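Reading through the structure tokens given below for one structure.
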Amino acid sequence: MFSEKKSGPSQVLARNIIGKDTSFVGDIKSEGDFRIDGNVKGTIKTKGRVVIGREGSVDGNIECTNADVEGKFSGNLMVDQLLSLKSTANISGEVVLDKLSVEPGATFNASCSMKGSVKALKNEQPKAEKTA
């Protein structure tokens, strides 16, 4: 009468918060999202979103899928998809990303490489045009 449904492992991603007046030194690896309102010195690797709050700061490396920055970041930032800089953001270092959104007022002093901007050129010879 009733059948049992077997489902795979649930895909609930954790939300991690480093609160205001909190300092963290070291490396963090997670599958979930991060919100940073305190200070972090080290590396953050996640498949989720990283949010650096207005009073948050990160000095180190971040590898993530998406990032929203309102506070300060210094170091290497690798974003697989979208980096969104709010008007209070202050970024310095090296940035590699797919898409970039910058609000007026943001400070962006970084070298930036966009992954999706380079298009492959076809190895075709131009055809000779006929003239009259």
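These numbers were taken from a predicted model, which means no experiment stands behind them.
For Ser87 against Pro104, the heavy-atom pair with the smallest separation is CB-O, 3.2 Å. Contact detail for Cys64 and Val50: the closest heavy-atom pair is CB-CG2, 3.8 Å. Heavy atoms only, all atoms of each residue included: Asp33 and Gly48 are closest at OD1-CA, 3.3 Å.
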ask   = Given the rule in the side chain to side chain contact (heavy atoms under 4.5 Å, CB included) test, do Val102 and Phe108 qualify, once you have shown the distances and angles that lead to the verdict?
value = CA-CA 9 Å; Val102 182; Phe108 188 76; 5.6 Å; no

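In this structure, NZ on Lys45 lies 9.5 Å from CE on Met78, to the nearest 0.5 angstrom. Atom CD1 of residue Ile62 and atom CZ of residue Phe73 lie 4.5 Å apart, to the nearest 0.5 angstrom. Here CG of Asn16 is found 7.5 Å from OG1 of Thr46. Values are rounded to the nearest 0.5 Å. The structure places CD1 of Ile44 at 4.5 Å from CD1 of Ile28, a figure rounded to the nearest 0.5 Å.
Within the structure, every pair that satisfies the salt bridge (charged side-chain N to carboxylate O under 4.0 Å, His left out) test and touches residues 61-83, not counting sequence neighbours, is listed here: Arg49-Asp68, Asp80-Lys115.
Two residues are said to be in side-chain contact when any heavy atoms from C-beta on lie closer than 4.5 Å; Ser84 and Val69 fail this criterion. Residues Val51 and Phe34 form no side-chain contact, since every pair of their non-hydrogen atoms from C-beta on lies 4.5 Å or further apart. Proximity of Val96 to Val79: side-chain heavy atoms (C-beta onward) are nowhere separated by under 4.5 Å. Contact annotation: the side chain of Ile18 never approaches that of Arg35 to less than 4.5 Å [non-hydrogen atoms, C-beta and beyond]. By the 4.5 Å heavy-atom criterion applied to side chains, Asn109 and Ile91 are not counted as neighbours.
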Quiz: residues 53-60 side-chain donor-acceptor pairs under 3.5 angstrom, not counting sequence neighbours:
from	atom 1	to	atom 2	distance (Å)
Glu55	OE1	Lys20	NZ	3.4
Ser57	OG	Asn39	OD1	2.6

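Applying the side chain to side chain contact (heavy atoms under 4.5 Å, CB included) test to Asp27 and every residue at least two apart in sequence or in another chain returns Thr43. For Leu82, the side chain to side chain contact (heavy atoms under 4.5 Å, CB included) criterion is met by Asn66, Lys99, Ser101, not counting sequence neighbours.
A side-chain contact (heavy atoms from CB on, under 4.5 Å) with Glu94 is found for exactly one of Leu77, Asn76, Asn61, namely Asn76.
Val95 is connected to Met114 through a chain of hydrophobic side-chain contacts under 4.5 Å among Ile, Leu, Val, Met, Phe, Trp and Tyr, so both are in one cluster.
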